[in-house]
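Notes follow the structure.
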Amino acid sequence: MNRSIRIAALLLSAAALALPAFAQSVKVTPLGGIDGEFCPQDRALVFEDPNGTRVLYDPGRTVAGATDPRLGKIDIILVSHMHGDHAGNAHNKAPNSGTCEAPDMSVSAMPNSNAANIAIAKKSKIVTGSEMPPFFAAKLRANGGNPADSMLARFGGSVTVAMRTPPTVTAMHSNGLDPDYIGGDLGKAMKDAGIAGDVGLATGYVLRFSNGLVAYLSGDTGITADQELVVRNHYNAKLAVMNIGDGFTTGPAEAAYVINELVKPTAVIASHANEVGTVGGKVRPGSKTEAFVKASKVTVHIPLSGKTMEFDAGGKCTAGC
């Protein structure tokens, strides 16, 4: 009898030792303009898989170039679309330069983009959909990088780089390429005519992590049927990153509808507020950020710059929230 108990205890101990490999959390760190705040230009998030893979999403204008000390190792860069506040036509000169109300965007990243410059320096893969990969491949080639590091994942497709990189999903938004990325006589002629380059459709992403968490990154989008049919019904996303800024994207009420009725995740990280969302780390009364928090039926996490949040497989925040 005692021998049976000892064997059972050993088996339970072995099972317990095996659990952390499956129970580890995904770390999400916002790289915004001002530490501890949610500011108008904040888009960038770093997702760290339990296996160590680090994914930078929409570096935009608040990652202080490739030398930003907050970046660390970056394996994959995702860019939802080519607008300057996402790909990064300019950026701050250092973390915490400027103020939350008046973000620093004094360093030009043209004609390459902040995303391309970071990819070259970090030897990262840039995974995008639509017709964006050839653009990034050309920028990598022209600056000593490897054009093969610009990888395509069109709607519903995925590739494998350290982790199974995401399929792209529908994002209803424009995706014109600023002629300053092109430069020269052609770029000048396009700019004079008010014409943007065509790099195809904007995209959202679905990330699958090794602990089982599935996260939906909305990009800039309006309401789409795919948010229910694809993101929820097919991919079963438990964590969402949702743009709430209005005017250019879904506003707080529309974003809350997407979360409450279509995606129905366990939790959502607010993004792209285009406003001072917090003061002293607290949601600003009367803000769009507050409106979204109040309208959402699921837990809303505010991405305070530099503050790492951790999520389990079910999308529940286990630390840092």
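Sequence positions, counted from 1, serve as the residue numbers for this chain. Heavy-atom basis, side chains included; hydrogens, waters and symmetry copies ignored.
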Query raised in the report: Does any donor atom in the side chain of Asn243 or Ser271 lie under 3.5 Å from an acceptor atom in the other side chain?
Result: no
Under 4.5 Å between side-chain heavy atoms, counting indirect links through other Ile/Leu/Val/Met/Phe/Trp/Tyr residues: same cluster for Met132 and Val127 or not? no
No-hydrogen, no-angle side-chain donor-acceptor test under 3.5 Å, Thr278 and Glu37: yes
Exercise. Is any side-chain heavy atom of Met105 less than 4.5 Å from a side-chain heavy atom of Asn92?
Worked result: no
query: For Asp192, does the CG atom sit with more than 12 other heavy atoms under 6.0 Å from it, leaving out its own atoms?
result: yes
The complete set of ring-ring contact (aromatic ring centres under 6.0 Å, His included) pairs with one or both residues in residues 109-159, sequence neighbours excluded, reads Phe135-Tyr181
Contacts of Ala137 meeting side-chain contact (heavy atoms from CB on, under 4.5 Å) (sequence neighbours excluded), chain-then-number -> Pro147, Ser150
*With a 4.5 Å heavy-atom cut-off, do Phe292 and Val300 have their side chains touching?*
yes
What one should report as the nearest heavy-atom pair of Gly176 and Ala196 is CA-CB, 3.8 Å
Residue pairs meeting ring-ring contact (aromatic ring centres under 6.0 Å, His included), one or both in residues 79-104, sequence neighbours left out, come to His81-His83, His81-His86, His81-His173, His83-His173, His86-His272
Student check: side-chain heavy atoms of Phe209 and Thr53 closer than 4.5 Å: no
Using a 4.5 Å side-chain heavy-atom cut-off and chaining through intermediate ILVMFWY residues, the residues clustered with Met172 come out as none
| message | Atom NZ of residue position Lys188 - does it have more than 12 heavy atoms of other residues, nucleotides or ligands inside 6.0 Å? | response | no
Taking the side chain as everything from C-beta on, heavy atoms only, tell me whether Val214 gets closer than 4.5 Å to Lys238. no
Worksheet item: With a 4.5 Å limit on heavy-atom distance, are the side chains of Val46 and Thr308 in contact?
Response: no
Practice problem: Begin with the C-alpha distance, continue with both residues' side-chain angles, and end with the deciding distance and a verdict on side-chain contact (heavy atoms from CB on, under 4.5 Å) for Lys307 and Thr29. | Solution: CA-CA 6 Å; Lys307 186 174 181 181; Thr29 305; over 6 Å; no
Practice task
Before giving the answer on side-chain contact (heavy atoms from CB on, under 4.5 Å), spell out for Thr203 and Val169 the whole-Å C-alpha distance, their side-chain angles and the decisive distance to 0.1 Å.
Solution key: CA-CA 6 Å; Thr203 62; Val169 293; over 6 Å; no
Query - Pairwise side-chain contact, Met151 with Ile126, heavy-atom cut-off 4.5 Å (strictly under) - result: no
**Prompt:** Checking Asn114 side chain against Gly60 main chain: does a donor-acceptor pair fall under 3.5 Å?
**Reply:** yes
Contacts of Pro30 meeting side-chain contact (heavy atoms from CB on, under 4.5 Å) (sequence neighbours excluded), chain-then-number -> Leu45, Pro303, Met309
| message | Please tell me whether Asn274 and Asp246 have a donor and an acceptor in their side chains that are separated by less than 3.5 angstrom. | response | no
- Query: Taking atom types as modelled and ignoring hydrogens, do the side chains of Asp220 and Thr249 form a donor-acceptor contact shorter than 3.5 angstrom?
  - Reply: no
| message | Determine whether a donor-acceptor pair (N or O, by modelled atom type, separation under 3.5 Å) exists between the side chain of Asp42 and the backbone of Thr62. | response | no
For residues 127-142, the side chain to side chain donor-acceptor pair (under 3.5 Å) pairs (sequence neighbours left out) are Glu131-Arg154
ring-ring contact (aromatic ring centres under 6.0 Å, His included) pairs touching residues 299-321, sequence neighbours excluded, are His301-Phe311
Exercise. Below 4.5 Å, heavy atoms only, C-beta onward: do Thr170 and Val230 meet side chain to side chain?
Worked result: no
Those residues at least two apart in sequence (or on a different chain) that pass side-chain contact (heavy atoms from CB on, under 4.5 Å) with Thr318 are Ser25, Glu310, Asp312
Do side-chain atoms of Thr168 reach the backbone of Ala153 as a donor and acceptor pair under 3.5 angstrom?
yes
Connected to Val276, directly or through other members, by ILVMFWY side-chain contacts below 4.5 Å are Val279
Thr299 meets the side chain to side chain donor-acceptor pair (under 3.5 Å) criterion, sequence neighbours left out, with none
_Pair Asp149 + Lys125, salt bridge at N-O below 4.0 Å_ = yes
Backbone N/O of Gln24 and side chain of Asn211: donor-acceptor pair under 3.5 Å = yes
Ion pair check, Lys191 and Asp180, cut-off under 4.0 Å: yes
Which of Lys73, Lys27, Arg54 passes salt bridge (charged side-chain N to carboxylate O under 4.0 Å, His left out) with Glu48? Answer is Arg54
Exercise. Should Phe47 and Leu217 count as side-chain neighbours, where that means a heavy-atom distance under 4.5 Å?
Worked result: yes
Residue pairs meeting salt bridge (charged side-chain N to carboxylate O under 4.0 Å, His left out), one or both in residues 264-280, sequence neighbours left out, come to Glu275-Arg284
- Going hydrophobic residue to hydrophobic residue with side-chain gaps under 4.5 angstrom, can you get from Ile223 over to Ile259? yes
Practice problem: Check for a donor-acceptor pair, side chain of Thr221 on one end and backbone N or O of Ser218 on the other, with a separation under 3.5 Å. | Solution: no
Do Met190 and Val199 share a hydrophobic cluster, counting only Ile, Leu, Val, Met, Phe, Trp and Tyr and linking them when any side-chain heavy atoms are less than 4.5 Å apart?
-> yes
Item checked: Worked verdict on Leu262 versus Tyr257 for side-chain contact (heavy atoms from CB on, under 4.5 Å) -> CA-CA 7 Å; Leu262 303 180; Tyr257 174 78; 3.8 Å; yes
Nearest heavy-atom approach of Tyr216 to Ala237 is CB-CB, 3.9 Å
task: Before giving the answer on side-chain contact (heavy atoms from CB on, under 4.5 Å), spell out for Thr289 and Ile302 the whole-Å C-alpha distance, their side-chain angles and the decisive distance to 0.1 Å.
output: CA-CA 8 Å; Thr289 303; Ile302 306 303; 3.6 Å; yes
Nearest heavy-atom approach of Ala64 to Pro95 is CB-CD, 3.9 Å
For Leu71, the side-chain contact (heavy atoms from CB on, under 4.5 Å) test, sequence neighbours excluded, returns Leu31, Leu56, Val63, Asp68, Ile74, Ile118, Lys122
Asp49 and Ser210: side chain donor to acceptor below 3.5 Å: yes
